[in-house]
There are 2 protein chains.
Amino acid sequence: MSRMPPQGGDLSRLRQLNALSLIKVLRGAEAATLSALAGRTGLSRPSTKEVIDELTGLGWVEEVPPAPGTMGRPARRYRFRADGGHLMGVDVGAHNVRAALADLDGNVVAETRRRTRPDAPVADRLAAIEQAAAACLDLGGLTMADLWTVAVGTTGLVTPEGRVIMSASVPAWRDLDLAGLLGGMFPCRVLVENDSRLAALAETRRGVARNARDVVFLHIGRRMGTGLIIDGRLHRGFGAAAGEIVMLPEAHWVTAPDDLADPAVVPTGVPPEDAAGFTLAAARNNDPAALEAVGRFADKLSIGTAAAILLLDPEIVVLGGGFSRSADVLLPLLRSRLERVCLRMPELRASTLGDECVVLGAIDYAIEHLDRLFFAPDAPVLRPPVRPAVSTAVPDPA
Amino acid sequence: MSRMPPQGGDLSRLRQLNALSLIKVLRGAEAATLSALAGRTGLSRPSTKEVIDELTGLGWVEEVPPAPGTMGRPARRYRFRADGGHLMGVDVGAHNVRAALADLDGNVVAETRRRTRPDAPVADRLAAIEQAAAACLDLGGLTMADLWTVAVGTTGLVTPEGRVIMSASVPAWRDLDLAGLLGGMFPCRVLVENDSRLAALAETRRGVARNARDVVFLHIGRRMGTGLIIDGRLHRGFGAAAGEIVMLPEAHWVTAPDDLADPAVVPTGVPPEDAAGFTLAAARNNDPAALEAVGRFADKLSIGTAAAILLLDPEIVVLGGGFSRSADVLLPLLRSRLERVCLRMPELRASTLGDECVVLGAIDYAIEHLDRLFFAPDAPVLRPPVRPAVSTAVPDPA
DNA sequence: CTACTAATGATGGACTCCTTAATAACTCTC
DNA sequence: GAGAGTTATTAAGGAGTCCATCATTAGTAG
């Protein structure tokens, strides 16, 4: 009957649970005193001390100077050593490859970008990834050996095993064992996931949808995409094909972006990648033809979005992707259309993370992967912070 | 960050975890020997014995005669006392009210049904519920006081608090505090949930979708409905309005059933409730007009279904509801339409639970509620099997 | 310098689990 | 039907983890 928290066991298991619970409390928080930690874990002071000592010895926790100016004897303070390990997020797009290096708390330490062309051959794009990663490590003063996990977000359909089936925006990205190829590039576990899904994750972890349990993320741009967070977790589906509402014929999402590149609105000479921006700007200035074009786009956008809202009843819908820079124009149009259809209207917000959305999501995804490794019920024995072994076996027990 | 299994604590907490883990192993399984239990929980034999003794003392577990004919000394055998408590599932429909009494393993002990009319006033339908429940208890030789939880599935939109906003098939069911009204009828916790959702739950727990993690359940009948199981759990959504794809205008689900009552196919004189059955039977016999009508229905059905599949990528789609009795006609039509659109085609099966679907789902829902109560991380202290207190407070921490 | 405050460190007791070894109950073979 | 073989039960000793309590320590306030 469903997955089960109540995992008892040995005495040492209890100690381990308490240690993990302590790490959990320390994570992300500022330095804390023993009393505070004892209060938050429910353990007694002496036990907390003992566990903290063990964790300090292992290198998970470090002591920081006591806070001055308090009454009584100054309390020793401890904090989680987020620099005990590092992970990397990579965003592989049609025009850019981004890499970001982060510590175990998800704080970005260094960031790089390499340009590529949509029609670049596979080898070139892989080289760009390698260069971006190497430069990023350099900037952060680290080496490959310091990486615990790499998570990669890419355009296209990604299988649970990390193969790219095909990508509309990167023609060469087709039936490609990306996880395998990158597995040879990095000496650690490499996770590959669809970019829209990772963007959705970033928005729920640190963006406008922070702390929401059910989120629909819409990537609206020259290519459309969706990412779903359900019950606080990234939803992949049985064959990792979730979120592909783009393919619903009745929603016309495949051709919808063309509405914003209507020759009746956009003068010849405007490069294709700026056409939508032009139309949206014109609509902002009440150009009638542009308004009509944007209206057509919003009509189509609203169909797929309504389907997602009616099915999932999310707390919030987040708009990301290139077009979301003109959310001031799009949001009201979308909202009015959705209100006609939706039983319960969710919050509707534009992304604030912008271009970094996918790399940040990749980092958050890597962190969740590590959390699963460390907090799993069938637990890792308490051990010093070292890079987890590269288990090429199971892709990801969700 | 996310909900956390690693909940450590006291020594007694460890004992409790082990006891719960033991109950979990015993649940649903046949009687087992100590060695078997020790093996499955990971505990040592002496510890297992001690915990079992405690649970036996509390009344959760009972000893059964040893299995004869084995080598060596016969092992004592223990089993979970499923009759330690009872719960009731109720299905409130337009034409029928069903009630079923079950033990803690979900085995149905007794079952009753009362007829009502769709236009019956609220008081009449409530009386039918009370009568069905009373008769059911009688049949099972129990009283109200033996009930731990009652779960009710009803047509219509149900809020997280158990109010019925409105129901298309039961006009009187409108802005009604059903949970409150029934709370006065039963001396225990009463849960109210949409019937299609409960049917979806039953199919995943004991029907054709057994053990699937992601399931889309389609209720197809004179009223359409959906229930979603995501990651093994019933998905309700932020405002408990999930699964209402019926409302998507482009899918035409509201009028779709009318296709099967086309006057060009159904002779006058056939009562409205049999019209669809007539059309489907005619289609089975290759009546051209009927085939066309069923084709139109399948077209509409496939739109909403495709939306759900593309978004969620379920492992399996289950067809339930009245029309699913003609699944042999409908399934192939639906499948061929979906195959044109879906990226990954899920399994497509007809329900086998039939009319009992909702009551069984209600029972499973009640069991999950109890499981949450007993296995929650902030745990109940180990206690004898008694009916949990009626906490009118929190509706349901999903 | 003294009183007050709050954290630290050390001791003893309680509880849970494990390992090991002796005992008990039943089947099978001769 | 007695003895060998097999498996479960029972009991005792040991180790690990947590808690409560109390004397001690290192600051601030007046």
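Bear in mind that the values here come from a model prediction, so they are computed numbers and not experimental data. So that the names make sense, note that chain A is the first sequence line, chain B the second, and so on, each numbered from 1.
Of the residues near DNA chain C, A:Asp10 and A:Met71, the one whose nearest nucleotide (by heavy atom distance) lies more toward the 5' end is A:Met71. A residue-by-residue look at B:Ala75 and A:Thr70 shows that B:Ala75 has its nearest nucleotide of DNA chain D further toward the 5' end.
The closest side-chain heavy-atom distance from B:Leu198 to B:Leu360 is not below 4.5 Å. The shortest side-chain heavy-atom distance between B:Tyr78 and B:Thr33 does not fall under the 4.5 Å cut-off. Taking 4.5 Å as the limit, every side-chain heavy atom of A:Arg76 sits out of range of all side-chain heavy atoms of A:Pro66.
The nucleotide whose nearest atom lies closest to any side-chain atom of A:Val51 is, among D:dT21, D:dC18, D:dA26, D:dC18. Of the candidates C:dC17, D:dT9, C:dA7, the closest approach to any side-chain atom of A:Arg45 belongs to C:dA7.
Taking the charged nitrogens against the carboxylate oxygens, B:Glu30 and B:Arg77 have no contact shorter than 4.0 Å, which rules out a salt bridge. Ion pairing between a basic and an acidic side chain is recognised when a charged N comes within 4.0 Å of a carboxylate O; A:Arg79 and A:Glu63 show no such pairing. With salt bridges taken as basic N to acidic carboxylate O contacts below 4.0 Å, one links B:Asp83 and B:Arg81.
As judged by a 4.0 angstrom heavy-atom cut-off over every strand, B:Thr33 is placed among residues making no nucleic acid contact. As judged by a 4.0 angstrom heavy-atom cut-off over every strand, A:Pro74 is placed among residues touching the sugar-phosphate backbone only. Residue A:Pro66 is out of contact with every strand shown, counting any heavy-atom pair closer than 4.0 Å. Contact annotation for B:Arg76: backbone-only contact, meaning every heavy-atom pair under 4.0 Å involves sugar-phosphate atoms and none involves a base.
Dashed line: the shortest gap from a side-chain N or O of A:Ser44 to OP1 or OP2 of D:dC18 is not under 4.0 Å. Under 4.0 angstrom from either OP1 or OP2 of D:dT10 there lies at least one side-chain N or O belonging to B:Lys49. The phosphate of D:dC19 has OP1 or OP2 within less than 4.0 Å of a side-chain N or O from A:Ser47.
Atom P of nucleotide D:dA11 and atom CG of B:Asp53 are separated by 11 Å, given to the nearest angstrom. Here the C1' atom of nucleotide D:dT24 and the CZ atom of A:Arg73 are 8 Å apart, to the nearest Å. Put simply, CZ on A:Arg13 is 17 Å from C1' on C:dC18, counting in whole angstrom units. The separation between B:Leu37 atom CG and D:dT9 atom P is 10 Å, rounded to whole Å. Between the CD atom of A:Glu54 and the C1' atom of D:dG16 there is a distance of 11 Å, given to the nearest Å.
Looking at B:Arg213, its side chain does come within 3.5 Å of a backbone N or O of B:Asp231 through a donor-acceptor pair. In this structure, A:Glu111 contributes its side chain and A:Ala100 its backbone to no donor-acceptor pair below 3.5 Å.
Note that the two end axes of the helix from C:dC1-D:dG30 to C:dC30-D:dG1 enclose an angle of 10°, each drawn from 5 base pairs, rounded to 10 degrees.
With respect to B:Asp364, the salt bridge (Lys or Arg N to Asp or Glu O under 4.0 Å) criterion is satisfied by exactly one of B:Arg210, B:Arg206, B:Arg233: B:Arg206.
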Below 3.5 Å between N/O atoms, which protein atoms pair up with nucleotides 12-16 of chain C? Just atom names and distances, please.
none

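In terms of the side-chain contact (heavy atoms from CB on, under 4.5 Å) criterion, residue partners of A:Thr143 (sequence neighbours excluded) are, by chain and number, A:Ala145, A:Asp146.
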